[in-house]
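In what follows, every chain begins at residue 1, and chains take the letters A, B, ... in the order their sequences are listed.
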Amino acid sequence: MSIRLDDSTPFDLEATLCCGQAFRWEKHSEWWYGVVRDRVFKIRQNNDRLLFENVDADFVKTYFRLDDDLLTVHSRIDKDEHIRKAINTLKGLRVLRQDPWECLISYICATYKSIAAIKRMLFNLSRKFGERVCFDGVDFCTFPTPERLATAHSVDLVKCGLGYRTKYVRETAKIVNKKEWEFEHVKNADYKEARAELVRFPGVGLKVADCILLFSLEKLEAFPVDVWIKRSIIEHYTSHFQEEFISRTMSKRSLTNKEYERLNTFGREYFGEYAGYAQEYLYHYERTQF
DNA sequence: CAAGTGCCTTTATC
DNA sequence: AGATAAAGGCACT
């Protein structure tokens with residue numbers, strides 16, 4: 001199966017899967033292998049051709065957000081020379097439409113960890129609590145269900161390398177499992193309301209909530225502020241803030257909620273309805289330049 | 001080689 | 001309100 005990408009549909013599979021938004025994709029000789037819910041499939045890109053197996057075209061279009069008019073997105077967030085460089089370098093990078101449950105747990109695990117470590121944790125979680133699925137002669141695992149993680153023993157979660165995140169994952173899984181948490185409801189709420197819902201989960205603060213909203217709940221205006229984005233904004237958008245705010249934020253490693261809100265609000269107001277895309281371009285650009 | 005730093009932060013406590 | 005510490009463990013310097 002394949003899809004032809006026309007000029008109005010730029011896409012860069014490699015950048016999209018390597019920019020640190022999803023953690024469970026594996027590359028085996030030219031093919032990218034992914035597990036999304038109970039589905040295992042592989043995909044590769046040959047210039048304007050997307051080739052894939054074990055999945056239909058509609059799913060590919062949905063998951064990789066090929067329905068986003070990326071050229072429009074580019075022109076809307078193209079506010080200055082700096083973001084323009086990022087766009088020109090990374091054009092084709094798309095936000096994914098991930099599964100909200102997996103995204104929620106993934107970003108609870110992501111706090112204060114490197115991407116390599118996050119991948120390791122999620123790999124361990126899936127191997128221990130997910131269902132094994134063989135595809136193309138390779139073993140994969142589905143992501144554990146809420147029920148499975150809600151009833152998991154703490155020691156087993158600790159063995160996955162979760163550390164202090166263990167209780168957050170367990171408690172969050174219990175909430176989602178028990179009172180049928182409605183991700184659809186959050187999806188339909190507006191940005192601020194949706195974020196307020198998410199931060200009620202243990203282990204979910206403003207930053208983690210913004211990641212979940214952007215990557216799995218259709219909130220393209222969400223603008224997660226991590227250390228890289230903080231540095232990027234402080235460095236390239238200095239004049240948009242008071243001197244005192246800049247020096248205070250630069251000298252400390254972590255952000256207070258108030259400082260987070262200031263940077264987050266700047267991002268959403270400055271870049272507009274597709275601020276999340278701007279964030280992804282700035283983030284990946286910051287990490288790969290140098 | 002030991003020790004320090006950083007990691008897509010949140011929470012508890014002062 | 002706002003600052004500060006603590007929380008796995010691993011990679012890197």
Side-chain angles (χ1 to χ4, degrees), chain A residues 15-25 86 90 93 95-96 98 102-125 128 152-173 175 195-217 219 222-235 244-245 247-264 267 275-290:
Chain A
T16 299
L17 293 179
C18 294
C19 69
Q21 57 178 319
F23 305 102
R24 264 158 46 74
W25 280 86
L90 301 169
L93 171 56
V95 167
L96 294 171
Q98 299 188 52
E102 178 170 346
C103 201
L104 171 62
I105 297 301
S106 297
Y107 279 91
I108 287 175
C109 291
T111 65
Y112 210 59
K113 277 284 187 189
S114 65
I115 289 176
I118 300 162
K119 287 179 175 171
R120 203 159 33 238
M121 282 188 277
L122 297 175
F123 178 84
N124 292 339
L125 271 185
K128 199 179 274 279
H153 294 292
S154 292
V155 278
D156 294 325
L157 291 174
V158 171
K159 276 188 213 155
C160 293
L162 297 199
Y164 68 86
R165 301 160 195 79
T166 297
K167 60 178 183 293
Y168 301 147
V169 167
R170 252 173 63 88
E171 293 311 306
T172 293
I175 294 169
R195 198 176 63 165
E197 286 288 317
L198 285 178
V199 296
R200 293 167 58 193
F201 285 112
V204 178
L206 295 175
K207 193 271 176 182
V208 168
D210 273 324
C211 287
I212 300 162
L213 290 172
L214 175 60
F215 300 135
S216 70
L217 292 169
K219 298 291 178 272
F223 190 82
V225 180
D226 71 322
V227 288
W228 294 89
I229 288 296
K230 182 190 95 174
R231 281 196 288 260
S232 178
I233 294 179
I234 296 292
E235 186 175 342
E244 189 236 328
F245 176 80
S247 55
R248 184 156 42 92
T249 336
M250 270 204 314
S251 64
K252 290 187 307 167
R253 305 201 301 99
S254 61
L255 295 169
T256 64
N257 272 2
K258 207 171 191 176
E259 291 162 345
Y260 182 95
E261 288 289 45
R262 194 160 295 180
L263 293 165
N264 168 270
Y277 262 101
Q279 191 271 1
E280 280 304 281
Y281 283 99
L282 291 176
Y283 176 77
H284 198 49
Y285 187 67
E286 198 72 24
R287 290 177 59 106
T288 50
Q289 289 309 102
F290 179 84

Checklist line | Which residue lies more 5' along DNA chain B, comparing A/P202 with A/Y107 via nearest heavy atoms | finding: A/Y107
Notebook entry, point to check: For DNA chain C, what are the stems built from at least three Watson-Crick or G-U pairs in a row, each pair having both distances below 3.5 Å?
Noted result: B:3-7 with C:9-13, B:9-14 with C:2-7
Note to self: Mind checking if A/Y283 touches a base, just sugar-phosphate, or nothing, with heavy atoms under 4.0 Å?
What the structure shows: base
Next item on the list: Report which part of the nucleic acid A/T256 touches: base, sugar-phosphate, or nothing (heavy-atom distance under 4.0 Å, all strands).
Entry: sugar-phosphate
Next item on the list: Just call it for A/F201: base, sugar-phosphate, or nothing, with non-hydrogen atoms closer than 4.0 Å on any strand.
Entry: sugar-phosphate
Margin query: Please check: side-chain N/O of A/K207 versus main-chain N/O of A/Y260, any donor-acceptor pairing under 3.5 Å?
Written below: no
Check: Which is true for A/V204 with a 4.0 Å heavy-atom rule: it touches a base, it touches only sugar-phosphate, or it touches nothing?
Finding: sugar-phosphate
Check: Judged by modelled atom types alone, do A/T111 and A/Y164 share a side-chain donor-acceptor pair under 3.5 Å?
Finding: yes
Check: How would you label the contact of A/C19 with the nucleic acid (heavy atoms, under 4.0 Å): base, sugar-phosphate, or nothing?
Finding: base
Checklist line | A/Q279 side chain to A/V225 backbone, donor-acceptor under 3.5 Å | finding: no
Interface polar pairs with nucleotides 9-13 of chain C, N/O, under 3.5 angstrom:
none

Notebook entry, point to check: Which whole-number value in Å describes the distance from A/M121 CE to B/dT9 P?
Noted result: 11 Å
Notebook entry, point to check: Pick one for B/dG4: is it syn, with its angle within 90° of 0, or anti?
Noted result: anti
Margin query: When the P atoms of B/dC8 and C/dT13 are compared, how many Å lie between them, rounded to an integer?
Written below: 15 Å
Notebook entry, point to check: Reckon A/L206 touches a base, only the sugar-phosphate, or nothing at all at heavy-atom distances under 4.0 Å?
Noted result: sugar-phosphate
Next item on the list: Starting from the 5' end of DNA chain B, give me the residue, A/Y168 or A/K207, whose nearest nucleotide shows up first.
Entry: A/K207
Next item on the list: Look at A/R231 and B/dC7 and indicate whether a side-chain polar atom (N or O) is within less than 4.0 Å of OP1 or OP2.
Entry: yes
